[in-house]
Engineer: 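Take a look at the following structure, please.
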Amino acid sequence: MSYVEDVSPGSGALPPRAWYAASDAKALSLNGSWRFRLSATADAEDESFAAPGHDAGDWAEVVVPGHWVLQGHGSPIYTNHLYPFPVDPPRVPTENPTGDHLRVFDLPEDWPALTEGGAVLRFDGVESCARVWLNGTDIGEFKGSRLPHEFAVGHLLKTVGNVLAVRVHQWSAGSYLEDQDQWWLPGIFRDVTLLHRPAGSALDFFVRASYDHVTGEGTLCVDSDVDGRVTVPALDIDVATGEAVTVPVEPWSAETPRLYDGELVTEGERIPLRIGFRTVSLEDGLIKVNGTAVLFKGVNRHEWHPVRGRALDLETMREDVLLMKRHNINAVRTSHYPPHPAFLGLCDEYGLWVIDECDLETHGFVEQDWRDNPVDDDRWTPALLDRAARMVERDKNHPSVVIWSLGNEAGTGRGLTAMAEWIRGRDTSRLVHYEGDLDCRDTDMYSRMYAFHDEVERIGRGLDGGTAKRRRLPFVLCEYGHAMGNGPGGLADYQRLFESHERLQGGFVWEWIDHGIEDGRYAYAYGGDFGEELHDGNFVCDGLLFPDRTPSPGLVEFKKVIEPVRIEGDGADGTVRVTNAHDFADLSALAFTWSYQVDGETVETGPLSVPPLAPGESADVKLPRPPVDGRGAETSWTVRALLAADTAWAARGHPVAWGQFAAAARPRPAVVPTAAPVAGERLITLGPASFDARTGTPTSIGGVAVEGLRLDVWRAPTDNDDGAEWQADTRYGVLWRDLGLHRMRHRLDAIELGDDSLTVRTRVAPAAREVGLATVYRWTSDGSRLRLTVSVAPEGNWTLPLPRLGIRFGLAGADRVTWFGGGPGEAYPDSRAASTVCRWQSTVDDLQTPYVRPQENGARADVRWAELGGLRIEGDPEFWFSARRWTNEQLDAARHRTDLVPGPTVWVNLDHGQHGIGSQSCGPGPLPRYFLHAGPAEFSFVFAETG
Ligand code: IPT
């Protein structure tokens, strides 16, 4: 049992080597149903189960690859950085869930005779520590959950009835090195494979394929432990291993992922190669590939599936890659461990830059000021080096991998330096990253997470100081734009900085996907839902995708912000400026179209001829003459860049980039006040509307009943409003609630009937506070339409911005919504880049963005008018529109999607302002220009019954 708490990486495994999916040597997948027995401690059961003949007939079954806690045995635990066990390295708790796994297998009939060569048993990932027996022989034990381990087993194999026994411990010394912010999920969660190793088969090999952008030539040299030949038919290459050959090639880049099929042939094996020629360098203080500086438009990707956890199948991995490509993403940081190796093959094929990160994080030691941090303790260094080697050796043949990352949030220490030195010694063709190394002692780039915009700008200008070495290095934000719940806001502002300062080479949004667990009780479960003693709630749901991989508005926003073509125009003078923002590709893959909108309706479209600009080039292109006379209407142009032909990742016509620009501005809605208010006993009437004579609130507009119309400043705080606990003074979600903005009282001061207006004076304020909003509703009508002007004047000392400012009311029986304004999805002041102004339709239900933890969502920006429930509402000026089948208070109270139960009333918010969203759940709040300050405001709406 001592191996469990031993700092050593293990014993018995073969040296690490390159991973490849297939060769002509036989392979037998041992995935599938395995017998399974769970024990509460590491040694509750003896090892007799590993002996052939053990009767496991009464054991449960689990699916391998998989996590037993997601298959009905025990429960997952979510902590961000806290170790869910006492910190006393390398000791682990006595309560150490231990899963014994058994699988009996025969060799397939076409398996070579046992005398022909050997065999290797490969585990691609087991969390967190495993001991393995084959046919009763103990073949070793290992740690390093997301790394491969191979064992030579040829001498133990039988033709039939092989018994493979694996004992997996949830906790081990290795757990101290695997404190990533994610669910703790024990199990054999990646493939188990038996590989035949014919005599003369390949061992390790290193495909070195570089590109000289000056000569246009690639140089290939495959180093192989076993001599052989390397062929690349398309390049007429046929050379011995170890021999370099230089020929003209098309280079590989994430934008132009040219791969050449080749083969490594040793005496006993043929291995298909997919070769990408590219050279990564650090030059002029910049990260360059093939001589060109790259801009990372990246995401941090954890492996996640809402049912299977980190046991991903190939189709899910492909879906991730396709979704990334379709959203203009060009880079992935494999936070915070090497992914399933097949994922990297997909990155090679479709084209993504990869920062491959080692399976290392010791974040929990921050709780003790990093005392006893394993990365600064020589006893652990062999384990760290083992991890570095297993990553590099496994993944070194992928052109997509351009940077090695030592790990995440592991403090600083000699062990990290040792890893960096080892990596540089082994592979000089890539750069080294580690965010925790602020002085860049061991790294090739200055990397930070969640730095605020102003600091990023200073870094861009080179005004950040730091060590002499750091000042010469490029900058990447390895994490930014915390995509928890609604948001992130501020992405466009970061992108502007990245594109203005060459030292800023982009960043990686945190993170790709919400790690919600499908759960009948909640729709998706998050931290705490399994009764964990310590947990970090929904901090585990902070992705650009919902758990089922539906893109969230954050991803749609990101796609727009990072689009590789800039389309800016001037609708009045009829020109568009098109800029190619790619690093490598010209625009020949894209077809451009124009469309012309009158009052939000597209009246005509046509092709737009744009020259195939080289990267960085711009051209001014003339738009056609307006196709119709839109006089008196609001008119605009929309220019789109679409894929001109099918690609591997999207079909022809797929939208890549767009720009929209106004031609003629919108005429403001006017209502000439002609009607006079008439007081009845219980009602006041004004034009089409009736008002409660006691309260002054409208009860109906024409035949449409209106409920509870009043000023509203509350929104269900978003995760970014609430902020992270370590950010004290600007956590507005918390401060708003402290102030009482969720329980505003509405005092009626006066109802005044004028000649042509009804005026209702109120004061809106929370109990216990002196601050308030003097609010006046002024109603006028031309007999058929009704205009409301709301005037708001803050009173007292307001020190906080407002969540929102507008009115809300209830409508019975609304379902379909049509609007002219921003859409199709939600938008907020600092996350509105993707909002396109035109006519949109939706149901009320489809207006909702189903954040895993419910919160403010679904606002549509720049709305000119909206129709729902028999009413047409025009804004003067444009407004933010939202409608839902529950109140903001019910939304606020909900903890999971399933808490939101639709009622009969549709609650509508028409907002003059919304506070920005920011990224404060782990980063900066909204920039000052997106604040909704409590100041005097006036805004109007015109209501009319629809026909
Ligand atoms: C940062 C971590 O690197 C990442 O794993 C994740 O936890 C993220 O934060 C928040 O979701 S660490 C933090 C100190 C900013």
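Positions are given from 1, in the same order as the sequence printed here. Atoms within each ligand, like the ligands themselves, are counted from 1 in listed order.
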Engineer: Among Arg308, Arg190, Arg146, whose salt bridge (Lys or Arg N to Asp or Glu O under 4.0 Å) with Glu303 holds?
Structural biologist: Arg190
Engineer: Nearest to atom 5 (O) of ligand 1, what protein heavy atom do you find, and at what distance?
Structural biologist: His336 NE2, 2.6 Å
Engineer: Within the structure, does Asn408 bring an N/O atom to less than 3.5 angstrom of an N/O atom in ligand 1?
Structural biologist: yes
Engineer: With under 30° as parallel and over 60° as perpendicular, where do the rings of His81 and His363 fit, or are they tilted in between?
Structural biologist: tilted
Engineer: Counting neighbours of CD on Glu533 that are heavy atoms of other residues, nucleotides or ligands and sit closer than 6.0 Å, is the number greater than 12?
Structural biologist: no
Engineer: Evaluate the side-chain proximity of Cys541 to Tyr524: yes if any heavy-atom separation is below 4.5 Å, no if none is.
Structural biologist: no
Engineer: Considering the heavy atoms of Tyr450, write down every atom of ligand 1 situated less than 4.0 Å from one of them.
Structural biologist: 1 (C), 8 (C), 9 (O), 10 (C), 15 (C)
Engineer: Please list the nearest protein heavy atom to atom 14 (C) of ligand 1 with its residue and the distance rounded to 0.1 Å.
Structural biologist: Glu409 OE2, 3.4 Å
Engineer: Using heavy-atom distances, let me know which of Cys922, Ala483, Gly436 sits nearest atom 15 (C) of ligand 1.
Structural biologist: Cys922
Engineer: Within the structure, is a non-hydrogen atom of His81 found at a distance of less than 4.0 Å from ligand 1?
Structural biologist: no
Engineer: Using a heavy-atom cut-off of under 4.0 Å, does the side chain or the backbone of Met449 touch ligand 1, or both, or neither?
Structural biologist: side chain
Engineer: Heavy-atom contacts under 4.0 Å between Asp542 and ligand 1: side chain, backbone, both, or neither?
Structural biologist: side chain
Engineer: Without swapping roles, check the side chain of Asp377 against the backbone of Pro374 for a donor-acceptor pair under 3.5 Å.
Structural biologist: no
Engineer: Tell me which protein heavy atom sits closest to atom 7 (O) of ligand 1, plus the residue, atom name and distance to 0.1 Å.
Structural biologist: Asp181 OD2, 2.5 Å
Engineer: Please work out which of the three classes, parallel, tilted or perpendicular, describes the rings of Phe365 and Tyr176, given edges at 30° and 60°.
Structural biologist: tilted
Engineer: Would you call the rings of Phe189 and His67 parallel, tilted or perpendicular if under 30° counts as parallel and over 60° as perpendicular?
Structural biologist: parallel
Engineer: Report yes if Trp510 has an N/O atom closer than 3.5 Å to an N/O atom of ligand 1; otherwise report no.
Structural biologist: yes
Engineer: To which of Glu479, Glu511, Glu361 does the heavy atom nearest atom 2 (C) of ligand 1 belong?
Structural biologist: Glu479
